[in-house]
S.K.: 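Mind looking over this structure? Questions follow.
Just so you know, residue 1 is the first one in the sequence shown, and it goes up from there. Note that ligands are numbered from 1 as they come in the structure, with each ligand's atoms numbered from 1 the same way.
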Amino acid sequence: MALIRHFEQAAYRAYERGELEGTVHASIGQEAVAVGVAAALAESDRVLSHHRGHGHALARGVDPGRLMAELLGRSAGVCGGKGGSMHVADVQHGFLGSLAVVGSSIPLAVGVALAARRAGTEAVCAVYFGDGGCNQGVLYESMNLAAVWRLGVVFVCENNAYAITTPAKKVTAGEGVHARAQAFGCSALRVDGQDVEEVAGATRTLVAEARAGQPALLECLTYRFLGHSRSDPAHGHYRTRAEVEQWQGRDPLAVLAESARMDTQECERLDAEAQERVREAVEFARASPRPGVAELARDVWGDE
Ligand SMILES: Cc1ncc(C[n+]2csc(CCOP(=O)(O)OP(=O)(O)O)c2C)c(N)n1
Ligand SMILES: [Mg+2]
């Protein structure tokens, strides 16, 4: 979690210096979802993500240097510097991709789980999406197919209460996405997304079910501490400063640090270690050249 926090802070600074083009969607405040879910997955499992996906990639074991290089558009990046912040994939780590079109990674997870079944493996596919993504119709086609074919999909909804400026509560009918999943016969749990141990525990339960052919959904109640993307201030017009501060009082790193599992010295050591890894990641990324024109058409077709 500390690695994700420092990494995204560094990405923001890189943007401010003009080293990172486009924008950055930081998951600061939501680190426990990325880490809790990843902790419950096996190495052979697969992950798909969305536009706010740096944390999901890092939690999955993607190298911070190669991820930072991707964000800075350098050829040492995991996608050769041609994907950027919102299009990250690292197949070797089972991170099959973050996709910027809201909801678009969800049906891919069903396909990945079907492929795993056909290959005779027990691998599951976890797919992260937001509360905005949960109102895309494709989620329900995906749940339906996963349920009737009994596929190993774990749908992970990161409910951070807003889709850009739209409050989830105003646009989500019924009791929420976990209740909708139950209507399809999926197992579903709703957890405190600020508590990494609670997220990991619930994910373990659901992953075991998914491996046995019972698709599942995990709804994590969380909050992004910063704005939607780099251009949105942390205290946008759509949410009050008091609300932001109340959630900042439930910082996932602090929640874990204050739990009986950690002591202050260990937290400080891990934080310093994470900071150093991010410093090295930025250095590594900067040392890599930008992809040249010759690389423009490479990776467009799978067989080339
Ligand atoms: C199909 C589609 N519509 C609109 C957008 C623009 N857009 C980018 S992020 C976003 C909000 C997504 O909200 P949510 O799913 O809750 O994720 P969060 O940003 O809160 O993590 C929107 C509407 C998009 N990328 N794709
Ligand atoms: Mg959201």
S.K.: Give the residue and atom name of whichever protein heavy atom lies nearest to atom 16 (O) of ligand 1, and the separation in Å to one decimal.
M.R.: Gly132 N, 2.8 Å
S.K.: Linking I/L/V/M/F/W/Y whenever their side-chain heavy atoms sit closer than 4.5 Å, directly or via other members, would Phe95 and Phe155 fall into one cluster?
M.R.: no
S.K.: Does Gln136 come within less than 4.0 angstrom of ligand 1, counting non-hydrogen atoms of the residue?
M.R.: yes
S.K.: Restricting to N, O or S, what is the name of the atom of Asp131 that lies nearest the Mg ion (ligand 2)?
M.R.: OD1
S.K.: Among all protein heavy atoms in this structure, tell me which lies nearest to atom 5 (C) of ligand 1, with the distance rounded to 0.1 Å.
M.R.: Val102 CG2, 4.1 Å
S.K.: Does any non-hydrogen side-chain atom of Val112 lie less than 4.5 Å from one of Leu48?
M.R.: yes
S.K.: Strictly by modelled atom types, are Ser27 and His54 linked by a side-chain donor-acceptor pair under 3.5 Å?
M.R.: no
S.K.: Taking atom types as modelled and ignoring hydrogens, do the side chains of Tyr223 and Gln246 form a donor-acceptor contact shorter than 3.5 angstrom?
M.R.: no
S.K.: With Val278 as reference, evaluate Glu283, Gln9, Glu8, His6 under the side-chain contact (heavy atoms from CB on, under 4.5 Å) test and give the passing residue.
M.R.: His6
S.K.: Do Val244 and Ile164 land in one hydrophobic cluster if side-chain heavy atoms of ILVMFWY residues count as linked below 4.5 Å?
M.R.: no
S.K.: Below a 4.0 angstrom heavy-atom separation, can you tell me which part of Tyr162, side chain or backbone, both or neither, approaches ligand 1?
M.R.: backbone
S.K.: Counting each atom of ligand 1 from 1 as listed, which ones have a heavy atom of His50 under 4.0 Å away?
M.R.: 21 (O)
S.K.: Hey, does the side chain of Glu158 reach the backbone of Phe129 with a donor-acceptor pair shorter than 3.5 angstrom?
M.R.: no
S.K.: What atoms of ligand 1 come within less than 4.0 Å of a heavy atom belonging to Arg52?
M.R.: 18 (P), 19 (O), 21 (O)
S.K.: Are any non-hydrogen protein atoms located under 4.0 Å from atom 3 (N) of ligand 1?
M.R.: no
S.K.: What is the nearest protein non-hydrogen atom to atom 11 (C) of ligand 1, stated with its residue, atom name and distance?
M.R.: Ile164 CG1, 3.6 Å
S.K.: For ligand 1, indicate whether the residue Asp131 contacts it via side chain, backbone, both or neither (heavy-atom separation under 4.0 Å).
M.R.: both
S.K.: Just say parallel, tilted or perpendicular for the rings of Tyr140 and Phe184, cut-offs at 30° and 60°.
M.R.: parallel
S.K.: Which one holds for Ala100 and ligand 1: side chain close, backbone close, both close, or neither close, with close meaning a heavy atom under 4.0 Å?
M.R.: backbone
S.K.: Backbone or side chain, does Asn160 get an N/O/S atom under 2.8 Å to the Mg ion (ligand 2)?
M.R.: yes
S.K.: With heavy-atom distances below 4.0 Å as the criterion, list the atoms of ligand 1 near Asn160.
M.R.: 18 (P), 20 (O), 21 (O)
S.K.: Closest non-hydrogen protein atom to atom 12 (C) of ligand 1, residue and atom name please, with distance?
M.R.: His51 CE1, 3.7 Å
S.K.: Within a distance under 4.0 Å of any heavy atom of Val101, pick out the atoms of ligand 1 and give their elements.
M.R.: 1 (C), 26 (N)
S.K.: Is it the case that Ser187 and Gln214 place a side-chain donor and acceptor less than 3.5 Å from each other?
M.R.: yes
S.K.: So, is the end of the Arg230 side chain (NZ or CZ) under 6.0 Å from the ring centre of Tyr12 and within 45° of the ring's axis?
M.R.: yes
